[in-house]
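Shown next, in structure tokens, is the structure this report addresses.
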Amino acid sequence: MHELSVTTHLLDLALDHAGTATRITDLHLVIGQLSSIIDDSVQTYWEIISENTIAAGSKLHFRRVPAELLCEPCNLRFPFNMDDFMCPQCGNLSVKIVAGEEFYLDSIEIECAEQQPTEAKREQP
Ligand SMILES: [Zn+2]
């Protein structure tokens, strides 16, 4: 169920950003390694809820972001390891997660009906 509300929000956001576009073709999403979002579920919901919108048939691209920890005493950022939270530099355990829990819409690709790039016209041989 969580994915459904997330996906609905995603569609609102994409439609909002699409402006006067006639079609949304691609969406680029970022998912942290520790995020509980399941991309397959998002994909499934997406196909259902984007139907009859300008985002129908668009592709979802997921980019996984590795998790990172920050050692608060010495400020070192290091890769998250499920078995060992200890700072490799100072041995402290006062660490917090600074990356890996995110889920957001990075960018969208759109098509506009009357898109006529002026650049192309000048390139006549
Ligand atoms: Zn440290």
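Quick note: residue numbers are just sequence positions, from 1. Both counts, for ligands and for their atoms, begin at 1 and track the order of listing.
- Counting only distance, with no hydrogens or angles, the side chain of Ser35 and the backbone of Glu101 share no donor-acceptor pair below 3.5 Å.
- Membership of the apolar cluster around Leu70 extends to Val98, as traced through chained side-chain contacts below 4.5 Å between ILVMFWY residues.
- Annotation: side chain to side chain contact (heavy atoms under 4.5 Å, CB included) contacts of Pro73 (sequence neighbours excluded): Cys71, Asn92, Ser94.
- For Phe80, the ring-ring contact (aromatic ring centres under 6.0 Å, His included) partners two or more places apart in sequence, or in a different chain, are Phe85.
- The distance cut-off of 2.8 Å around the Zn ion (ligand 1) captures these protein N, O or S atoms, sorted by chain and number: Cys71 SG, Cys74 SG, Cys87 SG, Cys90 SG.
- Atom NE2 of His9 has 12 or fewer heavy atoms from other residues, nucleotides or ligands within 6.0 Å.
- We find the OG-CZ distance between Ser107 and Arg63 to be 9.0 Å, quoted to the nearest 0.5 Å.
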